Amino acid sequence: MVTDKPGYEHLIQFLTEHLSLFEQRGPIIAGAKTLGEVLEESIAEQIIQLCTQHTELEMNHRSMIVREVDGILYDFQEVLASVLEQPATAQQTELIQEISLLIKNLFDNAIADLMD
């Protein structure tokens with residue numbers, strides 16, 4: 001559905017182009033979320049919003065989306081494995097949120113193609 005499309009390749013390329021941002025460490029703030037938590041929560045929020053917006057999706061489509069998102073999240077966790085437990089900086093959080101929006105956009109486009 002999505003992971004076999006060129007947009008997904010561009011998304012991974014976008015992440016790898018910004019890997020240097022994840023080498024930076026900010027001040028440790030008590031209670032700050034880790035990069036892994038920010039990544040999971042941000043992607044989950046966008047997928048929940050996606051499913052809420054697309055009420056026409058059948059359960060099998062939603063299940064397919066969840067499987068694809070799990071694969072995307074796994075790929076991102078692999079790329080960021082060495083820093084997932086670090087507290088997220090504001091810039092890192094912003095980039096992760098941007099990536100999450102791009103993921104949602106990929107699925108929005110795939111859903112539009114599916115429903116045509």
Side-chain angles (χ1 to χ4, degrees):
M1 182 178 191
V2 170
T3 54
D4 59 352
K5 296 194 181 234
Y8 180 68
E9 293 171 8
H10 294 297
L11 189 60
I12 294 293
Q13 181 180 355
F14 180 74
L15 175 63
T16 55
E17 288 172 359
H18 291 87
L19 279 180
S20 61
L21 180 64
F22 294 99
E23 295 170 359
Q24 302 171 9
R25 293 183 188 232
I28 297 176
I29 301 169
K33 293 182 180 180
T34 66
L35 283 166
E37 291 169 333
V38 171
L39 181 66
E40 288 177 10
E41 289 175 9
S42 185
I43 291 175
E45 286 172 9
Q46 291 304 317
I47 298 309
I48 289 169
Q49 185 176 1
L50 175 88
C51 290
T52 302
Q53 289 174 337
H54 294 281
T55 56
E56 73 277 11
L57 289 174
E58 296 176 10
M59 186 57 75
N60 63 328
H61 294 134
R62 292 174 194 267
S63 296
M64 189 168 45
I65 289 169
V66 169
R67 281 192 304 273
E68 292 234 11
V69 169
D70 281 345
I72 292 169
L73 184 58
Y74 177 81
D75 289 347
F76 278 48
Q77 288 171 330
E78 286 291 307
V79 172
L80 298 173
S82 64
V83 296
L84 285 176
E85 296 304 316
Q86 292 179 12
T89 67
Q91 285 181 315
Q92 292 165 342
T93 299
E94 186 178 312
L95 180 65
I96 288 171
Q97 289 171 343
E98 185 176 343
I99 289 171
S100 298
L101 288 169
L102 292 171
I103 291 169
K104 181 185 178 292
N105 188 42
L106 285 174
F107 279 95
D108 279 329
N109 291 336
I111 290 167
D113 291 346
L114 181 68
M115 297 302 167
D116 284 343

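In this text the structure is predicted, and so the values were computed from the model without any measurement. Side chains are part of it too, since the values below use all heavy atoms of this structure and drop only hydrogens, waters and symmetry mates.
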Measuring only between side-chain heavy atoms, which start at C-beta, is F107 closer than 4.5 Å to I103? yes
How long is the span from the CD1 atom in I96 to the CG atom in L35, to the nearest 0.5 Å? 5.0 Å
Going from CD on Q92 to CD on Q86, what distance comes out if it is rounded to the nearest 0.5 angstrom? 7.0 Å
Quick check: do L11 and L15 have side-chain heavy atoms less than 4.5 Å from each other? no
Rounded to the nearest 0.5 Å, what's the gap from OG on S100 to CG on N105? Could you check? 12.5 Å
Is there a donor in the side chain of Q77 and an acceptor in the side chain of E40, or the other way round, less than 3.5 Å apart? yes
Do F22 and V79 come close enough that some side-chain heavy atom pair is under 4.5 Å? no
Is the gap between the ring centers of F14 and H18 under 6.0 Å? yes
Can you tell me how far the CD1 atom of I43 sits from the CG atom of L101, to the nearest 0.5 Å? 10.5 Å
d(K104 NZ, L106 CG) to nearest 0.5 Å is 11.0 Å
Side chains of Q13 and E17: is there a donor and an acceptor less than 3.5 Å apart? yes
Are side-chain heavy atoms of D108 and H54 found at a separation under 4.5 Å? yes
Count the heavy atoms of every other residue, nucleotide or ligand shown that sit under 6.0 Å from CD of E37, and state whether that count exceeds 12. yes
Determine the minimum heavy-atom distance between E56 and Q53, stating which atoms define it. OE1-O, 4.4 Å
Residue of the set T93, L73, T34 for which side-chain contact (heavy atoms from CB on, under 4.5 Å) holds with L39: L73
What distance separates Q46 CD from I99 CD1, expressed to the nearest 0.5 Å? 12.5 Å
Assigning hydrophobic clusters by single linkage (Ile, Leu, Val, Met, Phe, Trp, Tyr; side-chain heavy-atom cutoff under 4.5 Å), is L19 placed with L21? yes
Run the side-chain contact (heavy atoms from CB on, under 4.5 Å) check on I72 and I12 step by step: do they pass? CA-CA 9 Å; I72 292 169; I12 294 293; over 6 Å; no
